[in-house]
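These notes concern the structure reproduced below.
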Amino acid sequence: MANRKLQVGVIGAGAAGLCAARHILAQPAVFAAPVVFESSDRIGGTWVYNEKTGTSDDGLPIHSSMYRALKTNLPKEIMAYPDYPFPPNLPSFLHHSQVLAYLESYADRFKVKEHIQFHTMVEQVMPISKLEGENDGTRAWEVTVRYVGDRGGSVTHRFDAIMVCNGHYFDPFIPELPGVEKFEGLILHSHAYRCPEQFTDKTVVVLGAGPSGIDIALEICTVAKQVILSHRKTLLECPLPTNLRQAPSVQGFSPISVHFQDGSLQQADAFIFCTGYNYRFPFLMHQTGLQAGGVSLAPLYKHLIHPELPNLFFIGLCTGDFPCILFDCQVQYCLAVLAGSCHLPSQEVMAAEVDKEYQCYLATGKPPKNFVKLDSLQEGYCHLLAEVARFKPVPPVIFQVGEATDKFRAADLVNYKSINLHLLSDEEWELV
């Protein structure tokens with residue numbers, strides 16, 4: 001039993017799940033081939049564009065939040081997996097279809113697709129006692145899946161470890177706003193936004209100035225009479241379309257108007273929530289005791305591991321500017337833990353470290369929900385994972401390009417995606 005290969009189950013075949021399967025397959029001496037469960041009929045997760053909203057033909061919720069004309073807000077040079085660059089002939093800022101084609105190519109290159117069970121919905125992930133002779137202080141897992149469509153039925157699999165890669169851009173977070181039920185105009189979340197034409201010659205209020213809020217507001221400006229971007233951040237100071245104005249947070253509603261906290265109001269035809277997404281793991285909560293708070297999940301060691309369940313990993317739960325690079329670092333760290341080349345502290349030490357980190361974060365005055373946003377901490381986080389798990393660290397040029405992109409975006413929100421970059425080495429880059 002000591003030489004038995006470890007069997008890892010992967011939930012989701014988006015960018016994180018593909019990365020997990022690729023690295024598992026790269027260590028055949030330690031790991032059996034992975035089993036990847038995907039509820040839809042193809043890989044790509046949130047990058048699979050669907051013109052429909054709501055539910056798909058098979059009755060499942062539409063997972064993707066892509067809109068028709070979406071282009072990445074990061075250049076391809078810092079979006080790629082570390083060992084698989086995008087084709088050099090592509091521009092730096094890509095249409096979503098080009099990212100999906102890249103993920104398809106990645107899956108083909110590393111022969112991942114043959115290990116994916118499509119149309120398979122994970123219904124329950126349950127920790128169980130290991131068989132006699134296998135007790136190493138962890139627990140095994142039973143995963144019950146339901147086959148979607150004609151196949152029907154369900155089956156239970158057994159794994160030594162689980163990597164949860166189901167993403168977190170599919171369950172809209174809609175904050176409670178006083179009086180919103182009074183508003184008679186169109187209300188939707190950015191998850192259901194696909195194209196601007198329905199807002200032609202209308203006045204639209206967009207709530208939230210994150211990447212989606214800004215992108216959607218700018219796109220709607222091309223057809224709308226007026227767009228009001230409501231947010232709590234520092235005012236955008238770069239040149240903006242003449243029919244876009246900024247407003248503070250929403251205070252309330254009347255049948256045809258939105259009221260803002262500075263006392264002003266605006267008659268509006270539509271209101272769009274660009275307010276982010278909840279974390280949802282319906283297959284886990286009751287069985288593991290994990291605490292999910294809608295927009296957050298705690299506690300997790302290194303944003304990856306529950307101290308009491310050290311062979312259950314959440315890939316991509318925390319967010320940063322370089323998602324595929326983040327997935328790659330996290331997966332390699334988790335596999336090093338499973339392979340025994342990287343040793344975790346005791347449960348007590350992990351729990352104490354998580355609590356200390358969280359309390360230090362709260363002391364800065366930032367909202368609890370943003371604890372999982374790495375932002376400027378991502379470089380140090382990725383380097384730490386690489387150091388303790390002994391894999392090649394992320395080249396410094398990646399973070400340099402990330403900082404430069406932030407400056408390009410802040411200076412010219414309307415046009416920065418026309419810029420093209422080129423990486424010269426691990427430490428140098430240039431504008432093309």
Side-chain angles (χ1 to χ4, degrees), residues 14-20 22-23 43-47 49 66 69-110 167 169 210-212 214-215 218 238 315-316 318-332 373-386 391-432:
L18 297 176
C19 182
R22 174 260 183 278
H23 282 292
I43 69 165
T46 195
W47 292 101
Y49 175 73
M66 290 291 112
L70 182 142
K71 292 180 69 174
T72 62
N73 60 4
L74 299 171
K76 72 178 193 299
E77 288 74 17
I78 59 176
M79 282 191 64
Y81 299 108
D83 58 351
Y84 197 72
F86 279 88
N89 61 306
L90 294 177
S92 285
F93 293 87
L94 305 173
H95 185 260
H96 61 75
S97 62
Q98 294 169 308
V99 179
L100 182 60
Y102 167 79
L103 295 177
E104 293 272 3
S105 174
Y106 179 84
D108 290 338
R109 166 64 180 81
F110 296 108
Y169 296 113
S212 293
I214 291 174
D215 273 4
L218 291 175
C238 61
I315 307 301
C318 57
T319 59
D321 288 338
F322 322 100
C324 285
I325 289 172
L326 177 67
F327 303 154
D328 196 87
C329 290
Q330 290 184 322
V331 166
Q332 291 194 72
K373 293 184 178 181
L374 294 179
D375 295 329
S376 62
L377 301 177
Q378 185 171 346
E379 181 174 6
Y381 176 77
C382 288
H383 280 313
L384 175 63
L385 296 185
F391 59 84
K392 184 181 178 180
V394 180
V397 69
I398 299 298
F399 302 104
Q400 294 170 17
V401 170
E403 292 178 4
T405 302
D406 289 342
K407 293 177 181 178
F408 294 144
R409 185 185 302 116
D412 191 353
L413 272 171
V414 176
N415 300 304
Y416 79 96
K417 293 183 182 182
S418 63
I419 291 172
N420 282 293
L421 312 168
H422 177 61
L423 302 186
L424 298 171
S425 68
D426 282 355
E427 297 183 355
E428 293 183 298
W429 63 278
E430 65 178 356
L431 279 175
V432 179

All heavy atoms of Val331 vs all of His23, minimum pair found to be CG1-CB, 3.7 Å
Full working for side chain to side chain contact (heavy atoms under 4.5 Å, CB included) between Tyr381 and Gln330:
CA-CA 10 Å; Tyr381 176 77; Gln330 290 184 322; 3.0 Å; yes
Could you give me the CA-CA distance, side-chain angles and deciding distance for Tyr106 and Arg22, then say whether side chain to side chain contact (heavy atoms under 4.5 Å, CB included) is met? CA-CA 9 Å; Tyr106 179 84; Arg22 174 260 183 278; 3.2 Å; yes
Worksheet entry | Note, Leu377 side chain near Asp375 side chain (heavy atom, < 4.5 Å) | no
Between the NZ atom in Lys417 and the CG atom in Leu74, the distance rounded to the nearest 0.5 Å is 9.0 Å
Validation row, ring centre Tyr81 to ring centre Phe327 under 6.0 Å
no
Rounding to 0.5 Å, atoms CH2 (Trp47) and CG (Leu103) come to a distance of 8.0 Å
Check whether any side-chain N or O of Gln378 sits under 3.5 Å from a backbone N or O of Asp321 as a donor-acceptor pair, and report yes or no. yes
Are the side chains of Leu374 and Leu326 in contact, using a 4.5 Å heavy-atom criterion?
yes
Heavy-atom nearest pair, Gln98 first then Leu90, reads NE2-CD2, 3.4 Å
Closest heavy-atom pair, Val397 versus Glu428, reported as atoms and distance to 0.1 Å, is CG2-O, 3.4 Å
Note: Pro88 and Lys76 closest approach over all heavy atoms is O-NZ, 4.2 Å
Interatomic distance, CG@Leu421 vs CD@Glu430, rounded to 0.5 Å, equals 9.5 Å
If we only count heavy atoms from C-beta on, is the Val394 to Cys329 side-chain gap below 4.5 Å?
yes
Correct closest heavy-atom pair for Phe110 and Asp83 would be CZ-OD2, 4.1 Å
OH (Tyr84) and OG (Ser105) are apart, to the nearest 0.5 Å, by 2.5 Å
One should read off an interatomic distance between Glu379 CD and Ile325 CD1, to the nearest 0.5 angstrom, of 11.0 Å
Distance col, row Ser92:OG vs Ile78:CD1, nearest 0.5 angstrom, shows 9.5 Å
task = Would you check if Cys324 and Met79 make a side-chain contact, meaning some heavy-atom pair closer than 4.5 Å?
result = no
Heavy-atom closest pair (Pro75 atom, Val401 atom, distance to 0.1 Å) is CG-CG1, 3.9 Å
query: Does the Glu427 side chain pair with the main chain of Pro396, one donor and one acceptor, at a distance under 3.5 Å?
result: no
When the ring planes of Phe86 and Tyr102 are compared, do they come out parallel, tilted or perpendicular, using 30° and 60° as the limits?
-> parallel
